[in-house]
Amino acid sequence: MAISEGSIAPEIIFFAPSKTLLEDPYRLLEAVDKHSGNSILGTYYGTEVDNPSKWVWVLVWKSLSQHRDFMTHEAYVDLVLPVMEAMNGPGDISQSEFEDFSDLQIALSAPITQFIFVNLRPLHDRAYELEPLITRLKKMAGTIAGCYAACWGPCVEKDSVEVGIVGWRSIQDRDAAVAGPLAHIIALIRELGSVEVYYTTLDLYRHNRKHTHHPSCVSQYSTFMTVVEFASWPVAGDWKTPLRPSLDVVRTWNGCTDLFIGVPEEDSQTAQLIVVWETLEHHQALIKAAKYPEVVSGIAASLPPDSGLSSLVMYHVDFAANARSPSEVDVGPAFSAPITEQVFMTLKEGKTKGDIAKVLNAIRDKITEDSKTTDGISTPMVWGQTVEDPKVFVLLIGWDSSQLHRDIVAQPKYKEVLSSLVETVDIKMIHVPLKSNI
């Protein structure tokens with residue numbers, strides 16, 4: 001695979017941490033964040049699972065060319081100094097390139113991030129032998145339970161090395177996949193070269209983790225780590241009264257940054273709840289807590305007599321994972337608009353995430369352009385893949401009214417791209433006037 005100057009270019013650094021880093025890691029991470037300007041999309045940091053004394057940083061450069069240009073500026077020294085200060089001795093540094101920004105974000109944000117380095121042996125052909133196997137491996141990974149995302153790309157420094165970054169729900173999921181459906185193809189790759197594998201737990205450095213919001217944030221939601229929960233269930237009678245205490249528990253739980261609820265225009269007998277969490281782990285902590293039965297009992301009391309909790313549908317989405325730039329991260333405008341369009345899409349047989357990404361980005365570009373000349377469109381349009389089902393995606397955008405939405409997409413320029421969308425996914429679309437309370 002040839003190096004492309006326009007691809008995302010993560011710089012991966014494995015190293016022994018210095019005493020200075022262990023005493024105050026956020027000071028050095030803040031220095032990297034401060035001096036990187038707009039050239040780095042994010043800095044991930046963490047440790048190896050099998051060797052917690054070994055740290056890893058991943059600096060996600062927007063492109064290899066931007067990294068190389070930045071290296072010629074005086075500010076580069078200010079960025080390199082805190083990186084060097086973080087290390088106790090030399091580190092292992094490599095850089096690679098990936099075409100799929102969304103998969104990279106998902107892999108780096110997963111509970112377990114696996115780094116794979118395949119070093120091709122002499123006399124083996126990369127393009128003819130290795131790359132077809134990597135393509136098969138990536139395709140198969142999308143069907144494996146517990147595999148959130150897999151991305152592969154060439155190593156910048158070594159032509160013989162291919163780098164993989166894979167996100168897993170757990171080490172157990174990875175072990176099951178390697179011993180089962182992936183066993184044969186992994187054996188073929190090992191015949192071509194040596195393979196080094198590292199498992200890490202990573203977090204994304206955010207300026208507001210210890211201090212204040214980064215000035216570049218458009219709203220409280222414009223962070224790579226925000227996860228949005230969508231929950232819906234049928235309701236009947238005076239459903240709001242028993243539900244209010246449940247919402248209070250969620251709203252005041254640590255990690256809940258906002259909560260919205262509403263009834264779709266298309267279905268007055270369904271409640272649509274949206275919770276914005278700092279991370280998925282914050283919601284999982286609530287589910288494990290002693291107060292969670294209070295939440296469940298309120299939902300149960302709002303259900304029709306003939307319905308049970310099995311009728312509740314829940315998804316979690318990290319919309320930043322599919323943003324092409326920080327300006328496409330913010331979910332705030334969609335939630336604060338008079339009407340929030342929510343589209344739930346399921347891939348049709350034979351269709352892939354790449355297929356839907358191409359279509360949704362084309363729609364996003366058209367809507368962004370229309371928002372410059374038409375009032376009442378709350379951009380950005382955001383979309384993401386659900387944690388629970390890799391075949392299900394969610395789209396959000398805010399409108400002044402659902403009629404405005406219909407008028408905009410009725411324009412001839414949307415005909416072809418909407419036809420492509422229908423060919424790619426099965427669609428459930430709702431328009432919801434959201435409120436912060438009921």
Side-chain angles (χ1 to χ4, degrees), residues 109 203-204 206-233 235 240 243-264 270-287 289 291-292 294-296 298-299 302 312-323 326-344 377-384 386-388 394-400 430-438:
S109 302
D203 197 0
L204 175 68
R206 288 173 287 164
H207 188 78
N208 64 341
R209 180 178 298 281
K210 189 176 178 183
H211 304 284
T212 57
H213 286 288
H214 194 284
S216 66
C217 290
V218 179
S219 81
Q220 62 179 314
Y221 310 112
S222 55
T223 163
F224 282 108
M225 291 300 289
T226 295
V227 171
V228 182
E229 171 196 356
F230 295 86
S232 62
W233 65 93
V235 293
K240 297 180 181 179
L243 189 60
R244 289 189 184 107
S246 298
L247 299 183
D248 289 339
V249 172
V250 177
R251 185 182 292 109
T252 57
W253 191 260
N254 179 43
C256 173
T257 64
D258 222 330
L259 180 151
F260 304 92
I261 190 165
V263 173
T270 296
Q272 190 75 22
L273 174 67
I274 294 175
V275 185
V276 183
W277 297 97
E278 288 185 20
T279 67
L280 179 60
E281 288 71 26
H282 284 91
H283 185 203
Q284 291 171 336
L286 171 59
I287 293 173
K291 291 184 73 67
Y292 193 63
E294 297 179 33
V295 178
V296 175
I299 295 175
S302 70
L312 184 147
V313 178
M314 183 187 299
Y315 292 114
H316 295 85
V317 181
D318 175 8
F319 289 101
N322 298 284
S327 65
E328 295 179 345
V329 171
D330 197 4
V331 297
F335 293 147
S336 60
I339 293 293
T340 304
E341 175 194 352
Q342 302 173 40
V343 186
F344 297 85
I377 308 175
S378 298
T379 55
M381 183 193 101
V382 298
W383 66 270
T386 64
V387 172
E388 291 77 7
V394 181
L395 176 155
L396 290 177
I397 188 170
W399 303 92
D400 274 8
I430 56 177
H431 297 85
V432 188
L434 294 172
K435 298 180 179 179
S436 59
N437 212 337
I438 51 175

Separation of [Y] [atom2] from [X] [atom1] (nearest 0.5 Å):
{"X": "Trp233", "Y": "Leu273", "atom1": "CH2", "atom2": "CG", "result": "5.0 Å"}
{"X": "Ile438", "Y": "Leu243", "atom1": "CD1", "atom2": "CG", "result": "4.5 Å"}
{"X": "Ile287", "Y": "Tyr292", "atom1": "CD1", "atom2": "OH", "result": "4.5 Å"}
{"X": "Phe335", "Y": "Ile274", "atom1": "CZ", "atom2": "CD1", "result": "4.5 Å"}
{"X": "Lys291", "Y": "Thr252", "atom1": "NZ", "atom2": "OG1", "result": "7.0 Å"}
{"X": "Trp253", "Y": "Asp248", "atom1": "CH2", "atom2": "CG", "result": "14.0 Å"}

Taking Val235's backbone N and O only, do any of them form a donor-acceptor pair with Ser302's side chain (distance below 3.5 Å, no angle check)? no
Thr257 (side chain) donor-acceptor with Glu278 (main chain) under 3.5 angstrom: no
Is there a side-chain contact between [X] and [Y] (heavy atoms, below 4.5 Å)?
{"X": "Asn437", "Y": "Arg251", "value": "yes"}
{"X": "Phe230", "Y": "Val313", "value": "no"}
{"X": "His431", "Y": "Thr340", "value": "no"}
{"X": "Val249", "Y": "Leu286", "value": "yes"}
{"X": "Val275", "Y": "His283", "value": "no"}

Ser246: what forms a side chain to side chain donor-acceptor pair (under 3.5 Å) with it, not counting sequence neighbours? none
Minimum-distance pair of heavy atoms, taken over all atoms of [X] and [Y]:
{"X": "Cys256", "Y": "Val250", "value": "CB-O, 3.3 Å"}
{"X": "Asp330", "Y": "Pro380", "value": "O-CG, 3.3 Å"}
{"X": "Gly384", "Y": "Phe319", "value": "N-CD2, 3.6 Å"}
{"X": "Pro264", "Y": "Thr270", "value": "CD-O, 3.2 Å"}

Test side-chain hydrogen bond (donor to acceptor under 3.5 Å, both in side chains), reference Trp277, set His316, His282, Glu229, output is Glu229
Under the side chain to side chain contact (heavy atoms under 4.5 Å, CB included) rule, what do Leu396 and Gln342 come out as? Steps first, then yes or no, please. CA-CA 5 Å; Leu396 290 177; Gln342 302 173 40; 3.5 Å; yes
Glu388: salt bridge (charged side-chain N to carboxylate O under 4.0 Å, His left out) partners, not counting sequence neighbours: none
